[in-house]
Novice: 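Below you'll find the structure I mean.
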Number of protein chains: 2
Amino acid sequence: MAAGSRKATLHDVAKRAQVSVASVSNYLNDYPYMKAATRERIRKAIDELGYVANRQARNLRSGRTGLISLSLPDLNQIYFAELAEEMIKQAREHGYRVIIESTGNDRRREIDSARAMASNMTDGLILSPTQLRAEDVHELEGDYPLVILGERVFGAPAPHVLIANEAAAQAATEHLLKAGCRTIAVIGGTLDDTVASSRSMRTKGYVAALADYGRPLRPELIREIGDWTSAEGAKAVRDMYAQGIRPDGIFALNDLLAMGVISQLREMRVRVPESVRVVGFDDIDEAKYTIPSLTTVDPDRAQVARLGIESILSQLEAGGRAPRSRIDVAFRLRYRDSSPRV
Amino acid sequence: MAAGSRKATLHDVAKRAQVSVASVSNYLNDYPYMKAATRERIRKAIDELGYVANRQARNLRSGRTGLISLSLPDLNQIYFAELAEEMIKQAREHGYRVIIESTGNDRRREIDSARAMASNMTDGLILSPTQLRAEDVHELEGDYPLVILGERVFGAPAPHVLIANEAAAQAATEHLLKAGCRTIAVIGGTLDDTVASSRSMRTKGYVAALADYGRPLRPELIREIGDWTSAEGAKAVRDMYAQGIRPDGIFALNDLLAMGVISQLREMRVRVPESVRVVGFDDIDEAKYTIPSLTTVDPDRAQVARLGIESILSQLEAGGRAPRSRIDVAFRLRYRDSSPRV
DNA sequence: TTGAAAGCGCTAACAC
DNA sequence: GTGTTAGCGCTTTCAA
């Protein structure tokens with residue numbers, strides 16, 4: 001494109017190639033019935049003018065934007081950052097781009113993410129709410145493609161992609177039981193199940209595994225925490241030992257907690273995995289690199305991303321919101337050195 | 001909005017309020033000269049119809065999208081995830097949203113991020129290249145608002161936001177020198193400065209600090225690594241000790257490396273900070289929570305984000321690309337427990 | 001203070 | 001095969 005000239009339009013290309021704008025549009029959209037000569041003239045004109053189609057005009061006309069909204073609690077949480085990365089990858093493979101909204105666990109902003117959909121700025125919304133209440137579900141009504149992530153909202157009028165928090169926690173606990181653990185602590189657990197959250201679901205899985213094995217549930221082994229940081233994981237271990245509790249297995253409800261747990265145990269010269277086996281949750285990048293490397297639940301972010309994006313695209317193709325449904329994502333246990341292989 | 005009806009347009013509102021579309025448009029854009037009665041009729045009609053303006057139409061007409069492109073290497077790297085979070089926050093404060101592109105350190109995709117700007121899909125681009133070459137700089141030409149992040153490309157025809165890698169590394173090293181360290185290792189450093197990268201810049205700062213203090217540069221203290229993971233940090237320490245090297249200060253070129261360093265030292269029963277002082281770089285969330293908490297360089301992501309977004313917006317206001325310039329971001333040392341306070 | 005009308009740049013009928 | 005034309009839904013002169 002000649003510097004200084006205004007941006008070329010379809011019209012300019014048509015004029016230069018001596019064809020109609022429709023032909024140029026057809027060319028751009030790979031219309032098959034076109035003489036090679038015409039095609040070539042258009043190609044040349046586009047090339048000479050450095051023409052690039054204006055997305056906004058195309059969007060207005062076609063009603064599509066090629067954009068998907070992804071609304072997550074917080075990119076500072078590694079899990080969500082890694083999920084966002086996968087979403088971007090998946091979207092790109094389908095020719096889509098992603099607008100990321102970070103709600104900061106703010107109910108208002110979770111609602112706003114949904115409301116923004118009324119303005120047709122993007123083709124669909126993937127929403128991971130943490131604060132939305134049952135009474136807010138009507139905010140999610142609409143005809144636009146929507147996918148809900150996570151445990152928080154049920155009854156939303158849309159497909160719902162769920163990681164198997166409960167089953168995965170049960171499997172992780174079972175893994176410890178099979179390894180011979182008799183006293184298994186849960187770091188980050190809670191018996192409060194008034195709201196569904198990943199911590200309550202994961203705790204349920206733990207409880208279920210104990211029940212399956214006929215083991216008693218000892219509430220003092222369920223250690224509530226504040227933030228999901230390694231410091232909290234370390235502190236939970238210190239507190240537990242100070243109270244005279246000596247677990248031989250520890251299930252940390254996320255990997256950062258688990259890193260704190262391992263580091264505290266090493267500090268106290270408790271051997272991992274010989275004396276205490278440790279399992280985490282999330283399979284963040286770093287889990288491979290801790291010492292010892294961390295056995296953990298891989299909730300298959302790639303799959304969550306794939307299912308989420310594909311659902312949006314199929315809703316789009318179908319011309320509107322899919323009915324409420326539940327899509328479960330399989331998890332995998334990643335066996336590493338913090339627990340004995342099975 | 002009545003369920004089932006198609007989305008209301010400006011036209012519908014105008015008809016219902018018995019005014020022209022222009023008046024409704026004026027209303028939406030806070031045009032001041034309007035009779036209260038008219039205003040009220042429009043407000044009511046909008047309310048009754050549940051009207052929300054179509055962004056695409058508005059964009060086409062106004063030439064603005066309210067979107068900024070942010071192109072980063074990889075959200076799995078905590079630094080970039082936290083930077084993205086800040087960018088989203090800053091953008092939101094100005095009424096903008098952010099499309100995040102993850103290039104995966106792929107030169108092709110870094111170039112594509114720039115090329116995509118020709119289609120007017122977003123109002124500006126903030127690009128953090130890691131693979132772009134001098135010969136690619138012409139790809140960055142154009143009239144759209146652009147900001148470059150990082151050391152990789154110089155001579156780009158746009159404002160360039162730089163964190164003070166060299167000065168910050170120098171200050172971190174000085175901090176160790178002042179604390180009495182005589183043998184300071186750099187984990188992740190390199191003396192290869194054929195390409196400017198954060199590791200080469202940071203190593204330069206280290207070298208400069210030693211020179212200032214009249215200390216010899218001992219190449220065996222500069223430990224190259226593979227990935228920026230805690231495992232590599234731990235391994236570097238093990239290797240160093242295996243070679244009989246006994247540093248009393250360690251400067252890890254990012255926090256993940258530092259976490260591995262600390263964990264390995266504790267494993268070896270080397271006391272931090274008493275026997276070895278450790279300093280990191282990045283000030284990721286977790287740095288506050290390691291044990292001991294990590295002294296590190298805070299490169300002020302919030303500032304990088306603020307300056308980046310504000311530059312885009314001021315270019316937008318000015319109607320086009322700002323000339324090449326260099327915007328330096330001040331760093332801060334965060335003194336924590338892995339080194340003695342000063 | 002309000003309205004009519006002309007597009008923004010493109011796509012999609014439909015005609016030829 | 002290719003061209004003509006009517007919009008997509010909004011903003012923006014300009015006139016009244």
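Computed over heavy atoms, backbone and side chain alike; hydrogens, waters and symmetry mates excluded. By convention in this document, chain letters (A, B, ...) are assigned in the order of the sequence lines, proteins followed by strands, and residues within each chain are numbered from 1.
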Novice: What parts of residues 22-31 of chain B reach DNA chain D, counting only heavy atoms under 4.0 Å away?
Specialist: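 Those residues are B:Ala22, B:Ser25, B:Asn29.
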Novice: Distance-only check: which donor-acceptor pairs under 3.5 Å involve side-chain atoms of residues 146-155 of chain A, not counting sequence neighbours?
Specialist:
{"unit_1": "A:Glu151", "atom_1": "OE2", "unit_2": "A:Asn165", "atom_2": "ND2", "d": "2.4"}
{"unit_1": "A:Arg152", "atom_1": "NE", "unit_2": "A:Thr130", "atom_2": "O", "d": "3.4"}
{"unit_1": "A:Arg152", "atom_1": "NE", "unit_2": "A:Leu132", "atom_2": "O", "d": "2.9"}
{"unit_1": "A:Arg152", "atom_1": "NH1", "unit_2": "A:Thr130", "atom_2": "O", "d": "3.4"}
{"unit_1": "A:Arg152", "atom_1": "NH2", "unit_2": "A:Leu132", "atom_2": "O", "d": "3.3"}

Novice: Counting N and O atoms only, with roles assigned by atom type, does the side chain of A:Gln90 sit under 3.5 Å from a partner on the main chain of A:Ala305, one being a donor and the other an acceptor?
Specialist: no
Novice: Keeping to residues at least two apart or across chains, list the salt bridge (Lys or Arg N to Asp or Glu O under 4.0 Å) pairs with something in residues 308-321 of chain A.
Specialist: A:Arg306-A:Glu310
Novice: By nearest heavy atom, map B:Gln18 and A:Gln56 onto DNA chain C; which one lands nearer the 5' end?
Specialist: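 The answer here is B:Gln18.
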Novice: Mind grabbing the angle between the end helix axes of the helix from C:dT1-D:dA16 to C:dC16-D:dG1? Five pairs an end, 10° rounding.
Specialist: 40°
Novice: Output the rounded distance in Å from CD (A:Glu40) to P (D:dG1).
Specialist: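 From A:Glu40 CD to D:dG1 P: 17 Å.
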Novice: Would you check if the side chain of A:Arg39 reaches a backbone N or O of A:Met34 as a donor-acceptor pair within less than 3.5 Å?
Specialist: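 Here the side-chain-to-backbone pair exists.
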Novice: Indicate yes or no for a side-chain donor-acceptor contact from A:Ser311 to the backbone of A:Gly308 under 3.5 Å, with no hydrogens or angles considered.
Specialist: no
Novice: Nucleotides 6-8 of chain D: which of its N/O atoms have a protein N/O under 3.5 Å away?
Specialist:
{"unit_1": "D:dG7", "atom_1": "N2", "unit_2": "A:Arg61", "atom_2": "NH1", "d": "2.8"}
{"unit_1": "D:dG7", "atom_1": "N3", "unit_2": "A:Arg61", "atom_2": "NH1", "d": "2.9"}

Novice: Could you tell me whether the side chain of A:Glu85 and the main chain of B:Ser102 form a donor-acceptor pair under 3.5 Å?
Specialist: no
Novice: Supply the atom-to-atom distance B:Ile100 CD1 to A:Met87 CE, rounded to the nearest 0.5 angstrom.
Specialist: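 Rounded to the nearest 0.5 Å, the CD1-CE separation comes to 13.0 Å.
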Novice: Walk along DNA chain C from 5' to 3' and tell me the first and last nucleotide with an atom closer than 4.0 Å to a non-hydrogen atom of chain B.
Specialist: C:dT1 to C:dG9
Novice: So, the side chain of A:Asp136 versus the backbone of A:Arg133: is there a donor-acceptor pair under 3.5 Å, distance only?
Specialist: yes
Novice: Could you pull out all residues at least two apart from B:Asp143 that satisfy side chain to side chain donor-acceptor pair (under 3.5 Å)?
Specialist: none
Novice: Throw together a table of side-chain donor-acceptor distances under 3.5 angstrom for residues 68-78 of chain A, partners on residues two or more places apart or in other chains.
Specialist:
{"unit_1": "A:Ser69", "atom_1": "OG", "unit_2": "A:Thr122", "atom_2": "OG1", "d": "2.9"}
{"unit_1": "A:Ser71", "atom_1": "OG", "unit_2": "A:Ser113", "atom_2": "OG", "d": "2.8"}
{"unit_1": "A:Asp74", "atom_1": "OD1", "unit_2": "A:Asn76", "atom_2": "N", "d": "2.8"}

Novice: Show every side chain to side chain donor-acceptor pair (under 3.5 Å) that has at least one partner inside residues 54-68 of chain B, sequence neighbours left out.
Specialist: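 Side chain to side chain donor-acceptor pair (under 3.5 Å) check on residues 54-68 of chain B returns B:Thr65-B:Asp123.
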Novice: Given 3.5 Å as the limit, does a donor-acceptor pair link the side chain of B:Asn29 with the main chain of B:Ser25, or not?
Specialist: yes
Novice: Return each pair, listed once, that meets ring pair (Phe, Tyr, Trp, His ring centres under 6.0 Å) where at least one residue sits in residues 55-107 of chain B; pairs must be two or more places apart or across chains.
Specialist: none
Novice: Check nucleotides 14-16 of chain D for protein N or O atoms closer than 3.5 Å to its own N or O atoms and list the pairs.
Specialist:
none

Novice: Tell me, which pairs form a ring pair (Phe, Tyr, Trp, His ring centres under 6.0 Å) where one or both residues lie in residues 18-38 of chain A, sequence neighbours left out?
Specialist: A:Tyr31-A:Tyr33
Novice: Between B:Arg43 and B:Glu40 (salt bridge meaning N to carboxylate O under 4.0 Å), is one present in this structure?
Specialist: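 B:Glu40 and B:Arg43: salt-bridged.
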